[in-house]
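Some notes on the structure that comes next.
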Protein chains: 2
Amino acid sequence: MSTETPTEPHGAASPAPSPSGALSRRDQILREAARLFAERGFHGVGVDEIGAAVGISGPGLYRHFAGKDAMLAELLVGISERLHEGGRMRLAEAVAADAPATEALDALIAGHIDFALNDRALITLHDRELDRLRDADRKRVRRLQREYVELWVSVVREVHPELDEAEARTAVHAVFGLLNSTPRLSRPAALPDQAVTAALLHRLARGAFAAGAVRNGTAPDGIRPD
Amino acid sequence: MSTETPTEPHGAASPAPSPSGALSRRDQILREAARLFAERGFHGVGVDEIGAAVGISGPGLYRHFAGKDAMLAELLVGISERLHEGGRMRLAEAVAADAPATEALDALIAGHIDFALNDRALITLHDRELDRLRDADRKRVRRLQREYVELWVSVVREVHPELDEAEARTAVHAVFGLLNSTPRLSRPAALPDQAVTAALLHRLARGAFAAGAVRNGTAPDGIRPD
DNA sequence: TCCTGCGGTTAATGTTCGTTAACCTCGCTC
DNA sequence: GAGCGAGGTTAACGAACATTAACCGCAGGA
């Protein structure tokens with residue numbers, strides 16, 4: 001509960017991932033905490049376990065974080081920011097390059113896939129442990145999430161104007177669910193190959209949006225694109 | 001831990017939902033527990049809360065269940081069985097009616113959507129709290145999940161023979177993620193209309209599979225080495 | 001009318017767990 | 001080479017919580 005951040009080395013949020021190669025102790029902790037939280041849930045992991053995962057024990061964590069909550073908060077805020085910022089950047093690039101909207105959408109999809117495949121634990125946490133956050137942090141994360149969704153919605157509606165606002169939003173959420181499904185794919189090794197999987201997911205996402213926009217009769221066999 | 005099931009009124013698993021109208025106390029408890037577990041996670045909910053949600057308090061639950069674990073187990077096993085059984089039945093019907101594979105796939109999709117929209121809490125639990133189960137129950141649930149997936153994979157490959165086994169499985173998992181995304185859609189009220197949403201999700205799912213099967217040259221080039 | 005068992009109650013118990021206290025030991029800097 | 005702060009350690013504390021104990025009222029059949 002203490003809002004005083006007793007022993008926080010860094011001032012605020014700058015991740016400062018690593019100067020080179022090795023991670024700082026602080027980042028080691030974040031990485032392991034993310035993995036454990038994703039595996040067994042926030043309440044299912046004890047601080048002793050997190051400590052053990054980085055070779056120190058229990059209360060030693062308090063030299064780096066104000067508490068267990070603070071770790072989760074930093075993880076969730078960090079993800080949301082990176083996702084949002086990544087999306088914003090890719091979109092800005094596409095606009096700057098005068099690219100068609102379909103390319104912008106592809107860029108968003110590719111970016112999200114990249115994230116989903118490389119930060120599985122964080123993706124899992126992202127929509128699983130949000131409510132454990134303090135009010136301020138939760139609001140921040142939600143705002144970033146909302147803005148990220150709106151980014152997608154605007155591009156999707158540009159590519160598929162037949163979709164109204166609500167449909168586009170639902171479709172975007174659904175495609176997020178689709179893209180974020182890989183962490184639930186039992187084992188990393190079960191995936192054929194990262195590149196193959198990425199390409200497949202990309203096709204699935206594009207196809208979903210395209211089909212969502214086609215509001216024809218009930219004929220299931222009429223859905224031949226091209 | 002006690003494997004002795006001290007005070008279990010029913011012998012085994014028969015849900016026996018309700019004779020008419022009102023739910024039995026036992027089913028009330030299951031319903032509220034599902035909701036709470038989905039909202040705040042298994043470890044995030046106390047037995048007192050579950051009790052309060054049905055108007056009795058705390059340890060009164062132990063007249064109906066052997067423990068908190070038993071509630072979760074019954075919920076998860078129940079979902080898996082209903083999902084699996086529903087899929088198996090729809091598939092059998094399609095086969096009996098000599099329907100084309102696309103219709104069988106549509107039946108699977110429609111059934112899953114129905115489930116996702118009507119049992120949001122259970123869907124959420126389904127892939128979130130599996131590891132909290134005792135070994136026996138977890139294996140049972142996993143087997144049912146696996147068989148359910150295989151059901152889908154076989155039909156999907158019939159409809160889209162271009163997909164190899166691994167791709168089809170990944171696609172099926174991804175589409176599950178897509179269909180299961182509605183619980184994460186902040187508010188139930190945010191959905192336009194259940195029927196509209198169901199139709200949209202159905203189109204998205206069909207489109208995803210169709211696009212997944214088309215491995216053409218218009219590369220998304222999603223894989224950009226950073 | 002008695003008694004039995006179902007479905008409750010509150011109080012107690014034992015454990016787990018987050019957090020704090022108190023203490024220690026290096027590696028640096030003056 | 002004294003001092004000191006960063007980053008550990010173990011022990012202690014207190015709250016939360018699942019589970020059990022002990023007790024109770026009452027519906028309904030004998």
Side-chain angles (χ1 to χ4, degrees), chain A residues 1-11 16 19 22-33 36-37 39-75 129 131-134 137, chain B residues 1-11 16 19 22-33 36-37 39-75 129 131-134 137:
Chain A
M1 294 302 163
S2 62
T3 346
E4 319 169 28
T5 65
T7 355
E8 200 127 2
H10 306 58
L23 295 86
S24 73
R25 173 59 35 110
R26 198 160 194 280
D27 291 324
Q28 283 180 55
I29 294 172
L30 283 176
R31 164 177 304 235
E32 293 305 305
L36 289 167
F37 289 162
E39 273 174 16
R40 302 215 288 285
F42 180 68
H43 291 295
V45 179
V47 289
D48 289 354
E49 284 176 279
I50 302 173
V54 297
I56 73 182
S57 221
L61 296 171
Y62 286 75
R63 298 290 164 199
H64 303 274
F65 293 94
K68 207 180 147 196
D69 299 348
M71 298 180 212
L72 183 67
E74 187 154 332
L75 285 172
E129 310 282 0
D131 338 310
R132 273 59 143 187
L133 257 51
R134 283 170 31 223
D137 290 324
Chain B
M1 294 303 163
S2 61
T3 347
E4 320 169 28
T5 65
T7 354
E8 199 127 2
H10 306 59
L23 296 85
S24 73
R25 174 59 33 113
R26 198 160 195 280
D27 291 324
Q28 282 181 55
I29 295 172
L30 282 176
R31 164 177 305 235
E32 293 305 306
L36 289 167
F37 289 161
E39 273 175 16
R40 301 214 290 285
F42 179 69
H43 291 294
V45 179
V47 288
D48 290 352
E49 283 176 279
I50 303 173
V54 298
I56 72 182
S57 221
L61 296 172
Y62 286 76
R63 299 288 165 202
H64 303 274
F65 292 93
K68 208 179 145 196
D69 299 348
M71 298 179 212
L72 183 67
E74 187 154 331
L75 285 172
E129 310 282 0
D131 338 311
R132 273 57 143 188
L133 258 50
R134 283 169 32 222
D137 290 324

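Each chain gets a letter, A, B and so on, in the order its sequence line appears, and its residues count up from 1. Small disclaimer: the values here were computed from a predicted structure and weren't measured.
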Got a sec, which residues hit side-chain contact (heavy atoms from CB on, under 4.5 Å) with A:Ala52, two or more places apart in sequence or on another chain? none

Taking only residues two or more places apart in sequence, or in another chain, which ones meet B:Val47 in a side-chain contact (heavy atoms from CB on, under 4.5 Å)? B:Leu61, B:Tyr62, B:Lys68

5' priority, DNA chain C, between A:Gly44 and B:Gly58 [closest heavy atom]: B:Gly58

Counterpart residues, side-chain hydrogen bond (donor to acceptor under 3.5 Å, both in side chains), relative to B:Gln28 (two or more places apart): none

Those residues at least two apart in sequence (or on a different chain) that pass side-chain hydrogen bond (donor to acceptor under 3.5 Å, both in side chains) with B:Arg132 are B:Glu129

To the side chain of A:Tyr62, which of D:dT9, D:dT19, C:dT19 is closest? C:dT19

Measure from the side-chain heavy atoms of B:Val47 and tell me the nearest of C:dG8, D:dA18, D:dG7. D:dA18

Could you tell me how far apart [X] ([atom1]) and [N] ([atom2]) are, to the nearest whole angstrom?
| X | N | atom1 | atom2 | value |
| --- | --- | --- | --- | --- |
| A:His64 | C:dT19 | NE2 | C1' | 16 Å |
| A:Asp69 | C:dG18 | CG | C1' | 9 Å |
| A:Leu61 | D:dA6 | CG | C1' | 15 Å |
| B:Leu36 | D:dC17 | CG | P | 13 Å |
| B:Asp48 | C:dT10 | CG | P | 10 Å |
| A:Gln28 | D:dG7 | CD | P | 12 Å |
| B:Phe65 | D:dT20 | CZ | C1' | 19 Å |
| A:Phe37 | C:dC17 | CZ | C1' | 13 Å |

So what does [X] hit on the nucleic acid, given a heavy-atom distance under 4.0 Å: a base, only sugar-phosphate, or nothing?
| X | value |
| --- | --- |
| A:Gly67 | sugar-phosphate |
| B:Gly60 | base |
| A:Val54 | nothing |

Polar-atom pairs under 3.5 Å, protein N or O versus N or O of nucleotides 21-29 of chain C: list them with distances, or write none.
{"unit_1": "C:dA22", "atom_1": "N6", "unit_2": "A:Arg63", "atom_2": "NH2", "d": "3.4"}

Report yes if a side-chain nitrogen or oxygen of B:Arg25 is closer than 4.0 Å to either non-bridging phosphate oxygen (OP1 or OP2) of C:dG8; otherwise report no. yes

Quick one: does [X]'s side chain get under 4.5 Å of [Y]'s, heavy atoms only?
| X | Y | result |
| --- | --- | --- |
| A:Glu39 | B:Asp131 | no |
| A:Arg134 | A:Asp69 | no |
| B:His43 | A:Phe42 | no |

